[in-house]
Amino acid sequence: MTFENKLTRIRGLSKADFYDNTASSFMHAYVGCLSVDELCDAAIITLKDPLQIHMAIRKRISRVCEERRIDVDNLSVRLIEQGEDRRLRSRIEACLSHLFLSFSPTRRLFLLDRWEDKNTSSARARWLKAINADNIHYGDDLIARCWQNTRDQKAARVLVNRGAPEILKGLAYDFIVSGVEGWVVGKAILKAGGVSDDVWDILRERQPATYAYLCAKRLRPLAESEAVQIVLDSPDEFYNGGRGLAIWSLGQLGLEQALDELWTKLRNR
């Protein structure tokens, strides 16, 4: 079967009912019949096709590259050349992002520099996702610089997952005053292994529930009266670092008197 015939079959099957699992299975099966060269050609040809076709093809390329060492660097060149059409740019960038680890280290560095030079929020998101997955080019200093220049919370999340304790210790105060999510701040302080009193003070002021959580995790003493006030100061929600987290933390610290007092106060509101 020629490349054109296989592509026709793939396109025809993609038009079946969304819930037709048999047609979807055959579509992916025909994609699996494409050679590496045909897959690369199809990735270019189907840029304007329905998304499910293009996604099936780029996923197949990624899978093949994981299974055996194949040079697909030229595909990145060809994709970038198609970028003159503004309507295709988003899909091209998504494809480059998806296939990032399939390219050689040299080509990956080129793409990282390219996304960094664009200096847009979408390009920065792709840069962060890519460098986080790239063990060759990743560096705490690069992510820290991104955070310091942009205050992008995605950079803070990458750092808290991969950053060295000394990096996180130096950034904990900055995370808090910049409004980084409580779970990120909490994980950063736990990984840092110890922070200054200034950090604890600003955390108590800005994120009381996270403060209580860390007191529980680090067995930091908390007076009953202060514990009650922390819960009352916490956002009136039971998820995402709100009052529910603070109440849970008091239980971990065994502050029964504070819990009794809070139950009476909150129940009667």
Side-chain angles (χ1 to χ4, degrees), residues 62 65-66 69 72-73 76 80 93-220 240-241 245 249:
S62 178
C65 289
E66 287 177 5
R69 194 171 295 176
V72 292
D73 282 2
S76 69
I80 291 172
E93 297 302 326
C95 187
L96 290 169
S97 179
H98 183 85
L99 296 175
F100 179 75
L101 292 179
S102 301
F103 303 128
S104 68
T106 301
R107 195 61 187 169
R108 296 203 302 268
L109 181 59
F110 170 83
L111 291 172
L112 287 169
D113 290 343
R114 177 176 172 272
W115 282 321
E116 190 172 26
D117 290 344
K118 283 181 178 292
N119 198 31
T120 63
S121 58
S122 60
R124 183 167 60 252
R126 298 192 193 285
W127 180 85
L128 282 165
K129 178 184 176 182
I131 200 167
N132 186 36
D134 192 334
N135 291 327
I136 293 178
H137 297 116
Y138 176 86
D140 286 349
D141 57 329
L142 298 175
I143 310 300
R145 184 181 67 193
C146 177
W147 161 256
Q148 289 161 352
N149 290 338
T150 67
R151 291 300 188 270
D152 190 322
Q153 292 219 15
K154 297 185 186 71
R157 294 186 202 119
V158 172
L159 278 170
V160 81
N161 285 321
R162 296 197 59 171
E166 56 270 20
I167 290 282
L168 296 173
K169 188 173 184 177
L171 289 173
Y173 189 95
D174 199 19
F175 282 174
I176 297 166
V177 298
S178 298
V180 171
E181 299 159 292
W183 75 265
V184 176
V185 171
K187 189 171 182 179
I189 291 175
L190 287 174
K191 285 186 71 175
V195 292
S196 67
D197 288 341
D198 287 346
V199 174
W200 282 105
D201 291 343
I202 194 67
L203 182 63
R204 169 63 183 89
E205 177 187 335
R206 301 287 184 90
Q207 296 186 2
T210 302
Y211 177 87
Y213 169 78
L214 287 172
C215 286
K217 296 296 286 185
R218 299 293 296 274
L219 301 179
R220 183 181 173 93
N240 301 321
L245 177 63
S249 302

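We're numbering straight along the sequence, starting at 1.
Here the closest heavy-atom approach between residue Val199 and residue Ala172 is recorded as CG1-CB, 4.2 Å. Heavy-atom minimum distance, Lys118 versus Ala123: CB-CB, 3.7 Å. For the pair Asp198 and Tyr173, the tightest heavy-atom approach, listed with the atom from each and the gap, is O-CE1, 3.8 Å. Heavy atoms only, all atoms of each residue included: Leu168 and Gly163 are closest at CD1-O, 3.8 Å. Residues Arg151 and Ser178 come closest through the heavy atom pair NE-OG, 3.3 Å. Nearest heavy atoms, Asp73 versus Ser104: OD2-OG, 2.6 Å.
Note: Arg220 CZ to Leu214 CG = 9.5 Å, rounded to the nearest 0.5 Å. Taking CD of Gln207 as the reference point, atom CD of Glu181 lies at 9.5 Å (rounded to 0.5 Å). Note that CG of Leu203 and CD1 of Ile176 are 4.5 Å apart. Values are rounded to the nearest 0.5 Å. With rounding to the nearest 0.5 Å, the separation of CD1 in Ile143 from CD1 in Ile167 is 10.5 Å. Leu159 contributes atom CG, which lies 9.0 Å from atom CH2 of Trp147 (distance to the nearest 0.5 angstrom). Taking CZ of Arg124 as the start and CH2 of Trp127 as the end, the distance is 10.0 Å to the nearest 0.5 Å.
For Arg204 (side chain) and Tyr211 (main-chain N/O), no donor-acceptor pair under 3.5 Å exists by modelled atom type. Between the side chain of Arg69 and the main chain of Cys65, no donor-acceptor pair closer than 3.5 Å is present. A distance-only check finds a donor-acceptor pair linking the side chain of Gln153 to the backbone of Gly179 [under 3.5 Å]. With hydrogens and angles disregarded, a donor-acceptor distance shorter than 3.5 Å links the side chain of Asp140 to the backbone of Ala164. Ser97 places no side-chain N or O within 3.5 Å of a backbone atom of Glu93 that could act as its donor or acceptor partner. Side chain of Asn132 to backbone of Leu128: no donor-acceptor contact under 3.5 angstrom is found. Using modelled atom types, no side-chain atom of Asp152 and backbone atom of Cys146 make a donor-acceptor pair closer than 3.5 Å.
The neighbour count for Lys191 NZ, taken as heavy atoms of other residues, nucleotides or ligands under 6.0 Å away, is above 12.
Of the candidates Ile136, Asp113, Ile131, Arg108 forms a side chain to side chain contact (heavy atoms under 4.5 Å, CB included) with just one, namely Ile136.
Taking the side chain as every heavy atom from C-beta outward, Asn135 and Arg162 approach each other to under 4.5 Å. The side-chain heavy atoms of Tyr138 and Val158, taken from C-beta on, include a pair separated by under 4.5 Å. Using a 4.5 Å heavy-atom cutoff, the side chains of Gln148 and Leu171 are in contact. Looking at heavy atoms from C-beta onward, Leu96 lies in side-chain contact with Ile80 at the 4.5 angstrom threshold.
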> Does the pair Leu112 and Phe100 meet the rule for a side chain to side chain contact (heavy atoms under 4.5 Å, CB included), with working shown?
Replying inline: CA-CA 9 Å; Leu112 287 169; Phe100 179 75; 3.8 Å; yes
>> Before you tell me yes or no, could you show the steps for Leu101 and Glu66 under side chain to side chain contact (heavy atoms under 4.5 Å, CB included), namely the whole-Å CA-CA distance, both residues' side-chain angles and the distance that decides it to 0.1 Å?
In response: CA-CA 9 Å; Leu101 292 179; Glu66 287 177 5; over 6 Å; no
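Note that Arg218 lies outside the cation-pi zone of Trp200, set by a 6.0 Å cut-off to the ring centre and a 45° limit from the axis.
Arg206 is linked by a salt bridge (Lys or Arg N to Asp or Glu O under 4.0 Å) to nothing, counting only residues two or more places apart in sequence or in another chain. Under the rule for a salt bridge (Lys or Arg N to Asp or Glu O under 4.0 Å), the partners of Arg145 that lie at least two apart in sequence or sit in another chain are Glu116.
For Tyr213 and Trp183, the gap between ring centers reaches or exceeds 6.0 Å.
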